[in-house]
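First comes the structure, then the notes that go with it.
Letters A, B, ... mirror the listed sequences (proteins, then strands); counts begin at 1. Computed from a predicted model, the values in this text were never measured in an experiment.
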Amino acid sequence: DQQVKQNSPSLSVQEGRISILNCDYTNSMFDYFLWYKKYPAEGPTFLISISSIKDKNEDGRFTVFLNKSAKHLSLHIVPSQPGDSAVYFCAAPGARYSTLTFGKGTMLLVSP
Amino acid sequence: DTGVSQDPRHKITKRGQNVTFRCDPISEHNRLYWYRQTLGQGPEFLTYFQNEAQLEKSRLLSDRFSAERPKGSFSTLEIQRTEQGDSAMYLCASSLVPGRPYEQYFGPGTRLTVT
């Protein structure tokens, strides 16, 4: 039972354009969401988060949007850069903020 | 470097052997987590500690797996009688409670290959 779903395994974007990565969740108890970025041979690194009391959070080129009624969130990267090429994971913390439940990830490739 | 470190980075072992991995968290972090990641999947939770207490274990953690954090600092994850299905990347993460416990900081992982 996948509670956090990333249905696009990969995404290709040209440098300078917008990248939009999507994530759906099924557990309405989730009240916080995070995006992690992972380069090959490295562990995931925290990128940006959003609380369920907000519908948008922005940090530089990265913006996360949350649509609670649709149980959907998205990560926008504008403008995309080749260094953004990585696997992006959507995640949500469980009870007592103990564990993180991750999606399967979306591999983003930004070409020059 | 004050991030999370893991040792070894790679381990190749034969089926049936025991292996042990070490994780050193960010020094002020009191929570330490172990995850496993296989190809095409996101990290899956195995277990976590708050200080030296092991507070939760996933059903993924069979009785061949044991984890310790004896002094509330570094942690070890041991797999006994390894099986080919244990081949995966084992990730360690840490966080601070109270504060921002949901922001977990990951190490580079230990890639285990069981032949």
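A/D24 and A/T26 share no side-chain donor-acceptor pair at under 3.5 Å.
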Listed pairs under 3.5 Å, donor-acceptor, residues 33-49 of chain A side chains, sequence neighbours left out:
residue	atom	partner	partner atom	Å
A/Y36	OH	B/Q104	N	3.0
A/Y36	OH	B/Q104	O	2.8
A/K37	NZ	A/Y39	OH	3.1
A/K38	NZ	A/E42	O	2.9
A/Y39	OH	A/G83	O	2.6
A/T45	OG1	A/K37	O	3.1
A/S49	OG	A/Y32	OH	2.9

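Between chain A and the options B/R9, B/Q37, B/Q41, heavy-atom pairs under 4.5 Å are most frequent for B/Q41.
Among the candidates B/Y48, B/F106, B/Y90, the single residue satisfying the ring-ring contact (aromatic ring centres under 6.0 Å, His included) test with B/Y35 is B/F106.
Not a single donor-acceptor pair under 3.5 Å links the side chain of A/D55 to the backbone N or O of A/L66.
The 12-atom threshold is exceeded at CZ of A/R61, counting heavy atoms of other residues, nucleotides or ligands nearer than 6.0 Å.
Between B/V4 and B/H29, the closest side-chain pair of non-hydrogen atoms is not below 4.5 Å.
Within residues 103-112 of chain A, the residues having any heavy atom under 4.5 Å from a heavy atom of chain B are, by residue number, A/G103, A/K104.
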